[in-house]
Amino acid sequence: MTLREPAARLLMCAPEHFAVSYAINPWMDPQSWAQAERTHAAASQREWQALERRLRELGAAIEHVSPAPNLPDLVFTANAAVVLDRIALLARFRHPERQREESHYEAAFRALQAHGIIDAVRRLPDGLVLEGAGDCVLDRARNLFWMGFGPRSDADARAAVADLFGLDTQPLELADPRFYHMDTALSPLPGGEVMYFPGAFTAAGRAAINERVEPDQRIEIGSEDACRLAANAVCLGNSLVMSACGERLRDELTERGYRVVTTPLPSFLRSGGSAFCLTLRLDLQSRGVTARADAAAVA
């Protein structure tokens with residue numbers, strides 16, 4: 001019997017200690033959370049479990065980071081690191097509330113390395129801030145990273161990413177505090193399209209997108225879908241897993257050959273996160289590595 005390779009290998013963290021206990025973006029309202037804390041906490045568990053179940057149904061293998069008390073945002077594993085070609089570049093966080101996650105994530109990646117899931121763990125140069133794949137989104141069709149900077153990550157982190165992974169890295173300045181990470185506003189799709197909310201970016205950022213992406217491959221989402229964090233989608237083959245999606249966007253994606261899979265995540269939206277934020281791909285490969293692997297398989 002031949003074992004089938006998983007559609008993706010994802011890193012997740014159960015929301016055992018998830019809460020909105022501080023405010024570091026406009027979505028977060030600790031007072032509102034506290035008014036129904038037990039209800040919200042129970043809902044977050046159900047929503048996360050439904051997401052994990054759906055991802056498994058779509059063929060993903062799931063690795064886990066152990067939850068930890070007093071680290072409510074540890075659940076957003078996309079921010080843990082940038083991972084490509086079995087190398088993990090650990091995140092460094094801007095806000096003190098999240099800086100406490102750094103040592104916990106490093107221990108998790110050292111364990112993944114010990115189990116042969118990744119090959120190397122690297123740290124950013126001193127003084128640089130980059131909040132993982134939340135601000136460094138791989139576009140496999142173009143073999144580049146879209147890197148958000150401004151609210152959470154430093155523009156100067158571009159060189160560290162490009163040098164380590166040997167990949168073109170396009171920085172885009174984020175202009176709307178609601179879209180504080182790149183992954184909240186932009187999603188490169190498997191067919192080469194880029195789904196994004198133009199209002200999240202500066203004029204220079206929009207110009208860079210227009211230069212890199214052909215008009216027929218741009219999928220501009222409106223403010224209503226943007227505020228549903230529809231761009232914060234997990235792509236597994238032709239399936240796009242997201243919390244919610246309006247009819248117009250769903251129709252456009254369907255016409256382009258995608259299957260929109262919705263699994264509501266309103267509890268995490270209270271913290272400014274959704275499906276992509278709650279996962280981190282561990283198995284992504286750059287185009288050059290994929291080509292070499294294909295050639296070796298043929299040989």
Flag yes if [X] and [Y] sit in one hydrophobic cluster, no otherwise; membership is Ile, Leu, Val, Met, Phe, Trp, Tyr, and two members link when side-chain heavy atoms are under 4.5 Å apart.
| X | Y | result |
| --- | --- | --- |
| L10 | V241 | yes |
| L89 | Y105 | no |
| V65 | V121 | yes |
| L124 | L84 | yes |

Counting heavy atoms not belonging to N70, are there more than 12 under 6.0 Å from its CG?
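Counting neighbours around CG of N70, 12 or fewer heavy atoms of other residues, nucleotides or ligands fall under 6.0 Å, so no.
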Next item on the list: Report the relative orientation of the aromatic rings in W33 and F18; use parallel for angles under 30°, tilted for 30 to 60°, perpendicular for over 60°.
Entry: perpendicular
*asked:* Parallel, tilted or perpendicular, judged at 30° and 60°: which one describes the rings of F268 and F76?
replied: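 Correct class here is perpendicular.
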Closest non-hydrogen atom pair between [X] and [Y], with its separation:
| X | Y | answer |
| --- | --- | --- |
| R54 | T262 | NH1-O, 4.2 Å |
| I118 | A88 | CD1-CB, 3.9 Å |
| M12 | L278 | CG-O, 3.5 Å |
| V82 | C136 | CG2-CB, 3.7 Å |

Between [X] and [Y] (side chain of the first, backbone of the second, donor and acceptor by atom type, cut-off under 3.5 Å), is there such a pair?
| X | Y | answer |
| --- | --- | --- |
| R140 | P190 | no |
| Q99 | F93 | yes |
| Y258 | G191 | yes |
| R256 | Q217 | no |
| D119 | R86 | no |
| Y196 | I209 | no |
| E224 | G246 | no |
| N25 | G272 | no |
| T169 | L167 | yes |

Assess the residue pair Y180 and I24 against the criterion (side-chain contact (heavy atoms from CB on, under 4.5 Å)); give the C-alpha distance rounded to whole Å, side-chain angles, the decisive distance to 0.1 Å, and a yes or no. CA-CA 10 Å; Y180 55 93; I24 57 173; over 6 Å; no
Just how far is it from atom [atom1] of [X] to atom [atom2] of [Y], taken to the nearest 0.5 Å?
| X | Y | atom1 | atom2 | value |
| --- | --- | --- | --- | --- |
| E102 | L90 | CD | CG | 8.5 Å |
| L229 | R178 | CG | CZ | 10.0 Å |
| R100 | L71 | CZ | CG | 6.0 Å |

Output yes when [X] and [Y] qualify as a salt bridge under the 4.0 Å nitrogen-oxygen rule, no when they do not.
| X | Y | value |
| --- | --- | --- |
| R250 | E247 | no |
| R212 | D168 | yes |
| R248 | D251 | no |

Check whether any side-chain heavy atom of R270 sits under 4.5 Å from a side-chain heavy atom of S32, and report yes or no.
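The answer is yes; the side chains approach within 4.5 Å.
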